[in-house]
Amino acid sequence: MGDITTLTTEEYLKRKWFGRAAYRLTRNSIFLFGVAQIYTFFLQNRLPLGFMRSGWLYWASAMGTNVAIAGLLALVFWAGGFEVLAYVFLPTMIVASSLGIWHFYIQHQFEHTTWDREESWNLQNAAFYGSFHYALPDILRWFSANIGVHHVHHLASRIPFYRLNEVLRDHSELENCQRNTPYESFHCARLHLWDEKSQRLLTFSEALSNANSNRHLVQPSAYQIGFDRITAQGANGL
């Protein structure tokens, strides 16, 4: 979900304490939007090591982008000096990368998203129900190139961003489907574990509370255990 590992409640509970701690760290908002985005944009995307066997095209694209970035950095340094580069340009890039990670993350990591195992996975369902309509103000729609109309983009990625609003205007069901406002989206950052029974993404506390409740329901009470033993002994005596 959202290009980040998402565990089910059962998978999380099966992990040792170190595995649980590591998972909690990678899902922490400070780590996700304050550290991970630096690695993603400033290192991972600059060196596509995961595509070494996929041909030269990925490397040519990455290296071409790197050359362009180097040229831009040189221009900023020439025009404004080290202070502008270090105290204006770099912080701006870090904030922008955090906002980029935020948008892509929450539009897939929401309570009523969809997740299926391979045998029951469906492309259209995953594309449409696996993302929501992020109802941004007009100015943010313009700045983000309509990134909030993500569910339509998943269904038909060849529709250019400047025509996505037309799709919503002509198809009201898409306008109101899985709609979330910026205020409502903050809750998404607290959702971390997928509950296969309720088909919802839950907070750690909700998921663990549900798991404990189910465990109590499954485990027989001491009275029931004692009754079963007496019944068994009586049957053996007969």
Side-chain angles (χ1 to χ4, degrees), residues 1-6 22 24-110 131-154 156-168 180-186 188-189:
M1 296 179 185
D3 203 28
I4 184 173
T5 299
T6 303
R24 282 181 174 267
L25 173 63
T26 59
R27 304 284 302 197
N28 183 275
S29 295
I30 296 176
F31 177 84
L32 278 174
F33 310 116
V35 177
Q37 91 285 4
I38 297 175
Y39 166 76
T40 300
F41 286 98
F42 291 82
L43 181 60
Q44 184 183 45
N45 291 346
R46 305 282 64 81
L47 296 172
L49 299 178
F51 296 94
M52 294 185 68
R53 298 182 179 180
S54 301
W56 61 271
L57 186 61
Y58 294 99
W59 280 89
S61 176
M63 294 305 108
T65 303
N66 291 343
V67 170
I69 292 174
L72 178 61
L73 292 176
L75 180 61
V76 171
F77 182 80
W78 174 79
F82 176 79
E83 289 79 7
V84 172
L85 181 64
Y87 304 128
V88 178
F89 183 82
L90 185 59
T92 301
M93 289 299 297
I94 292 175
V95 171
S97 62
S98 296
L99 291 174
I101 290 290
W102 167 264
H103 275 81
F104 281 104
Y105 176 82
I106 63 164
Q107 286 188 264
H108 301 90
Q109 299 271 332
F110 58 102
S131 60
F132 66 59
H133 173 207
Y134 203 12
L136 298 171
D138 290 341
I139 185 65
L140 293 183
R141 288 188 180 191
W142 186 85
F143 271 111
S144 63
N146 284 324
I147 191 176
V149 194
H150 210 60
H151 59 320
V152 177
H153 168 71
H154 274 199
S157 60
R158 298 185 66 179
I159 298 177
F161 72 90
Y162 52 85
R163 302 201 67 178
L164 289 172
N165 280 331
E166 297 177 31
V167 177
L168 297 183
N180 273 271
T181 65
Y183 176 77
E184 293 170 334
S185 68
F186 284 106
C188 299

**Student:** Just verifying a value: how many Å separate L73 CG and M93 CE, rounded to the nearest 0.5 Å?
**Tutor:** 8.5 Å
**Student:** Apply side-chain hydrogen bond (donor to acceptor under 3.5 Å, both in side chains) to E166 and list each qualifying residue two or more places apart in sequence or on a separate chain.
**Tutor:**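 Counting only residues at least two positions away or on another chain, E166 forms a side-chain hydrogen bond (donor to acceptor under 3.5 Å, both in side chains) with R163.
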**Student:** With ring centroids as reference points, do H103 and H150 lie under 6.0 angstrom apart?
**Tutor:**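 Centroid distance H103-H150: not below 6.0 Å, so no.
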**Student:** Scan residues 68-94 for pairs that pass side chain to side chain donor-acceptor pair (under 3.5 Å), counting only residues two or more places apart or in two chains.
**Tutor:** none
**Student:** Which heavy atom of N146 sits nearest to which heavy atom of L164, and what is that distance?
**Tutor:**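 N146 and L164 have their closest heavy atoms at O-CD1, 3.8 Å.
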**Student:** Decide yes or no for I106 and Y134: does some side-chain heavy atom of the first lie under 4.5 Å from some side-chain heavy atom of the second?
**Tutor:**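 Side-chain contact under 4.5 Å: yes.
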**Student:** Counting C-beta onward and ignoring hydrogens, is there a side-chain heavy-atom pair between L32 and I4 closer than 4.5 Å?
**Tutor:**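 The answer is yes, as the side chains (C-beta and beyond) meet within the 4.5 Å cut-off.
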**Student:** Is there a side-chain contact between L90 and F42 (heavy atoms, below 4.5 Å)?
**Tutor:**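 Yes, side chains in contact.
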**Student:** Supply the atom-to-atom distance I38 CD1 to I94 CD1, rounded to the nearest 0.5 angstrom.
**Tutor:** 4.5 Å
**Student:** Ignoring hydrogens and geometry beyond distance, is a side-chain donor-acceptor pair present between R27 and T6 at under 3.5 Å?
**Tutor:** yes
**Student:** Which residues pass the side chain to side chain contact (heavy atoms under 4.5 Å, CB included) test with L99, sequence neighbours left out?
**Tutor:**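 Side chain to side chain contact (heavy atoms under 4.5 Å, CB included) list for L99, sorted by chain: V95.
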**Student:** What I'd like to find out is whether the side chain of F161 reaches to under 4.5 Å of the side chain of I147, using heavy atoms alone.
**Tutor:** no
**Student:** Which pairs with one or both residues in residues 37-46 pass side chain to side chain donor-acceptor pair (under 3.5 Å), sequence neighbours excluded?
**Tutor:** Q37-S98, R46-N66
**Student:** With F41, which residues qualify under ring-ring contact (aromatic ring centres under 6.0 Å, His included), at least two apart?
**Tutor:**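 So F41 forms no ring-ring contact (aromatic ring centres under 6.0 Å, His included) with any residue.
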**Student:** Taking everything shown except F31 itself, do over 12 heavy atoms lie less than 6.0 Å from its CZ?
**Tutor:** yes
**Student:** Would C188 and Y105 count as a side-chain contact (heavy atoms from CB on, under 4.5 Å) here? Give the steps.
**Tutor:** CA-CA 9 Å; C188 299; Y105 176 82; 5.9 Å; no
**Student:** Residues in side chain to side chain contact (heavy atoms under 4.5 Å, CB included) with H151, at least two apart?
**Tutor:** F128, S131, H133, V149, L168, L174
**Student:** Looking at L57, is its backbone amide N or carbonyl O close enough to the side chain of S61 to form a donor-acceptor pair, meaning the two atoms are under 3.5 Å apart?
**Tutor:**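 A pair under 3.5 Å: no.
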**Student:** Work out which heavy atom in A135 is nearest to a heavy atom in P182; give both atom names and the distance.
**Tutor:**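 Shortest heavy-atom separation between A135 and P182 comes out as O-CD, 3.4 Å.
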**Student:** Within the supplied structure, the quantity of interest is the number of heavy atoms (other residues, nucleotides, ligands) at a distance under 6.0 Å from I30 CD1; does it exceed 12?
**Tutor:**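 Incorrect, the count does not exceed 12.
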**Student:** CZ of F186 to OG1 of T181: how many Å apart, nearest 0.5 Å?
**Tutor:** 9.5 Å
